[in-house]
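Notes for the one structure printed next.
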Amino acid sequence: MENLAQAEWYTWTSQRWLNREASYHRMVYEDRESLYTPWEVGQLLRSLWREFQDSHRSRLVIRILLNISEQDIMSHMRELQEQNWQVSYYPHHTQGDFSKRFYYTTYSYNKRERTISDTIVQELIQINQSYIQRTLRHIESKVDFHEEQLARFHAKDFRLTWEIWAGELSQLWKPFGWSEEACERLLEDRGDDFVLWVRTRTNNLIAAILYSHQPHTLEDGTIIQHWELTEAATAEAYRGNGIMWVLATALHVTTLSRWIQNIYGEYRALWSRHPHAIQSLRFALESGVRFSPWDMLLNHVDVDDIVDSHNQGRQISGYWTHADKLKSFVLWSLDPDTLSPHTRELYLSSIS
């Protein structure tokens, strides 16, 4: 199987290759050039699983494009979940005359030392499902929800801006492992990636979010525009003010204005009642994102803050950091129809 070298920049994930030494003790395979049938998926998964079992890595992640009908995807998921695979997906949104239908699909498998018990997984799903449904009911009860959010944001003298400096950004993104040098490289040569910020009336940076541009080309030459929302953070003293919900919505409308409709991200699944874990899901839902609580990425990567109770004392041989910091995530994608033309215009005009 082809093993391509990792590109230097953040957008490497759209390239076709197998990374046997990926971050967070994972083996990661990417192919966003081919459209796989369910039969071809089975062949690929068996091949990679055998190599994974012989490796010292504890998690296997496979991201591909699945060519399947909407009515068949649930049976496809159930079949693999019965074999202990985790399966998450989101749809490709048709652009222009492009008529190919497929799903962006993530398959993952944990070795025993990284596995979460079925009982805890079901509890995790129920907690997230309940929270998602409750939050969506609140959003749908408002006629002008996004407009109200933006009005409250401005009333607190916050502003959306493109003004960016590496030193400030590295402090805000320190929990994600970004150094000032890495932030400088991002800002100097970001290509189509971009960062949007929030500042106070006194010009203090209080929040920032990154869109990573991950276009890919199918084997027939069709170019697909595809973006990931990532590295979202608000300064601790300003959390709870609805800042990230407005910031994420502004990023979404900016991206949609560039005719890019395939927007996705991975948000921390809700487990504890820690405010940051709650807000991760809430700002996603309130910015137009939709996802299913069944789309779980279990013990996916670690985040250096709270320890989930079911991971306390966990040991993984060869893992470079503390395995009890591993977090589970849910995969989401933006439904462009959740943001009206009026909302898009209003948010775009608010960015200075």
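- With salt bridges taken as basic N to acidic carboxylate O contacts below 4.0 Å, one links Arg201 and Asp157.
- Taking the six-membered ring for Trp, Trp332 and Tyr267 have ring centres closer than 6.0 Å.
- Looking only at distances, a side-chain donor or acceptor of Ser141 sits under 3.5 Å from a matching main-chain atom of His138.
- Between Lys327 and Glu266 there is no salt bridge, since no side-chain nitrogen of the basic residue lies less than 4.0 Å from a carboxylate oxygen of the acidic one.
- For the atom pair CD1 (Ile243) and CD1 (Ile206), the distance works out to 3.5 Å, reported to the nearest 0.5 Å.
- One N or O on the side chain of His146 and one on the backbone of Glu286 form a donor-acceptor pair closer than 3.5 Å.
- Counting heavy atoms of neighbouring residues, nucleotides and ligands inside a 6.0 Å radius, atom NE2 of His154 exceeds 12 of them.
- With rounding to the nearest 0.5 Å, the separation of OG in Ser34 from CD in Glu40 is 8.0 Å.
- A donor-acceptor pair under 3.5 Å is absent between the side-chain atoms of Ser130 and the main chain of Ile127, judged by distance alone.
- With sequence neighbours excluded, no residue forms a ring-ring contact (aromatic ring centres under 6.0 Å, His included) with Phe52.
- In this structure, Ile263 and His252 have side chains that are in contact, with non-hydrogen atoms separated by less than 4.5 Å.
- For the pair Thr135 (side chain) and Tyr131 (backbone), a donor-acceptor distance under 3.5 Å is present.
- For the residue pair Val289 and Ala284, the shortest heavy atom distance occurs at CB-O, 3.0 Å.
- Both Leu348 and Leu150 are part of a single hydrophobic cluster, where members link through side-chain heavy atoms under 4.5 Å apart.
- Taking the six-membered ring for Trp and the full ring otherwise, the centers of Tyr29 and Trp17 sit at least 6.0 Å from each other.
- Annotation for Glu236: atom CD does not count as buried by contact number, only 12 or fewer foreign heavy atoms lying within 6.0 Å.
- Applying the side-chain hydrogen bond (donor to acceptor under 3.5 Å, both in side chains) rule to pairs touching residues 70-80 yields Ser69-Asp72, His76-Tyr107, sequence neighbours excluded.
- Tyr104 and His226 have their aromatic ring centers within a separation under 6.0 angstrom.
- With salt bridges taken as basic N to acidic carboxylate O contacts below 4.0 Å, none links Arg26 and Glu21.
- A cation-pi arrangement is present between Arg258 and Phe194, with the terminal nitrogen or guanidinium carbon under 6.0 Å from the aromatic centre and inside a 45° cone about the axis.
- For Arg59, there are no salt bridge (Lys or Arg N to Asp or Glu O under 4.0 Å) partners at least two apart in sequence or on another chain.
- Trp165 and Trp178 are assigned to two separate hydrophobic clusters, defined by single-linkage of ILVMFWY side chains at heavy-atom distances under 4.5 Å.
- Residues Trp320 and Val301 are members of one and the same hydrophobic cluster, defined by side-chain heavy-atom contacts under 4.5 angstrom among Ile, Leu, Val, Met, Phe, Trp and Tyr.
- Asn128 places a side-chain N or O within 3.5 Å of a backbone atom of Leu124 that can act as its donor or acceptor partner.
- Using modelled atom types, no side-chain atom of Thr343 and backbone atom of Leu339 make a donor-acceptor pair closer than 3.5 Å.
- Checking each of Arg46, Arg57, Arg20 against Glu51 for a salt bridge (Lys or Arg N to Asp or Glu O under 4.0 Å) leaves exactly one that passes, namely Arg20.
- Cation-pi contact between Arg32 and Tyr264: present, with separation from the ring centre below 6.0 Å and deviation from the ring axis of at most 45°.
- Atom CH2 of Trp85 has more than 12 neighbouring heavy atoms from other residues, nucleotides or ligands inside a 6.0 Å radius.
- A distance-only check finds no donor-acceptor pair linking the side chain of Ser287 to the backbone of Thr249 [under 3.5 Å].
- Using a 3.5 Å distance cut-off with no hydrogens or angles, the side chains of Asn110 and Asn299 do not pair a donor with an acceptor.
- Glu228 and Ser212 form no side-chain donor-acceptor contact under 3.5 Å, judged by distance and modelled atom types alone.
- Taking the six-membered ring for Trp and the full ring otherwise, the centers of His56 and Tyr319 sit at least 6.0 Å from each other.
- Side-chain atoms of Asn262 and His92 form a donor-acceptor pair, as typed in the model, at a separation below 3.5 Å.
- Summarising the geometry of Leu297 relative to Ser108, their closest heavy-atom pair is CD2-OG, 4.5 Å, with the distance given to 0.1 Å.
- For Asn19 (side chain) and Ala22 (main-chain N/O), a donor-acceptor pair under 3.5 Å exists by modelled atom type.
- Listed by first then second residue, pairs satisfying salt bridge (Lys or Arg N to Asp or Glu O under 4.0 Å) with a partner in residues 136-156 number zero, not counting sequence neighbours.
- Remark: the backbone N or O of Leu334 is not paired with any side-chain donor or acceptor of Thr338 at under 3.5 angstrom.
- A distance-only check finds a donor-acceptor pair linking the side chain of Gln86 to the backbone of Leu298 [under 3.5 Å].
- The shortest heavy-atom contact between Trp173 and Cys183 is CE3-SG, 4.4 Å.
- Evaluation of the salt bridge (Lys or Arg N to Asp or Glu O under 4.0 Å) rule for Glu163 yields Arg159, Arg199 as partners, not counting sequence neighbours.
- For the residue pair Gln225/His213, the side-chain donor-acceptor check at 3.5 Å is satisfied.
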Practice problem: Could you give me the CA-CA distance, side-chain angles and deciding distance for Arg16 and Asp31, then say whether salt bridge (Lys or Arg N to Asp or Glu O under 4.0 Å) is met? | Solution: CA-CA 4 Å; Arg16 182 198 293 180; Asp31 182 0; 3.2 Å; yes
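- Sorted by first and then second residue, the side-chain hydrogen bond (donor to acceptor under 3.5 Å, both in side chains) pairs involving residues 113-125 (not counting sequence neighbours) are Ser58-Arg114.
- Using modelled atom types, one finds no donor on one side chain facing an acceptor on the other under 3.5 Å when comparing Ser257 with Thr254.
- Closest of all the heavy-atom pairs between Thr234 and Ala207 is OG1-CB, 3.9 Å.
- Distance check: Tyr24 OH to Ile316 CD1 gives 13.5 Å after rounding to the nearest 0.5 Å.
- Both Val41 and Met74 are part of a single hydrophobic cluster, where members link through side-chain heavy atoms under 4.5 Å apart.
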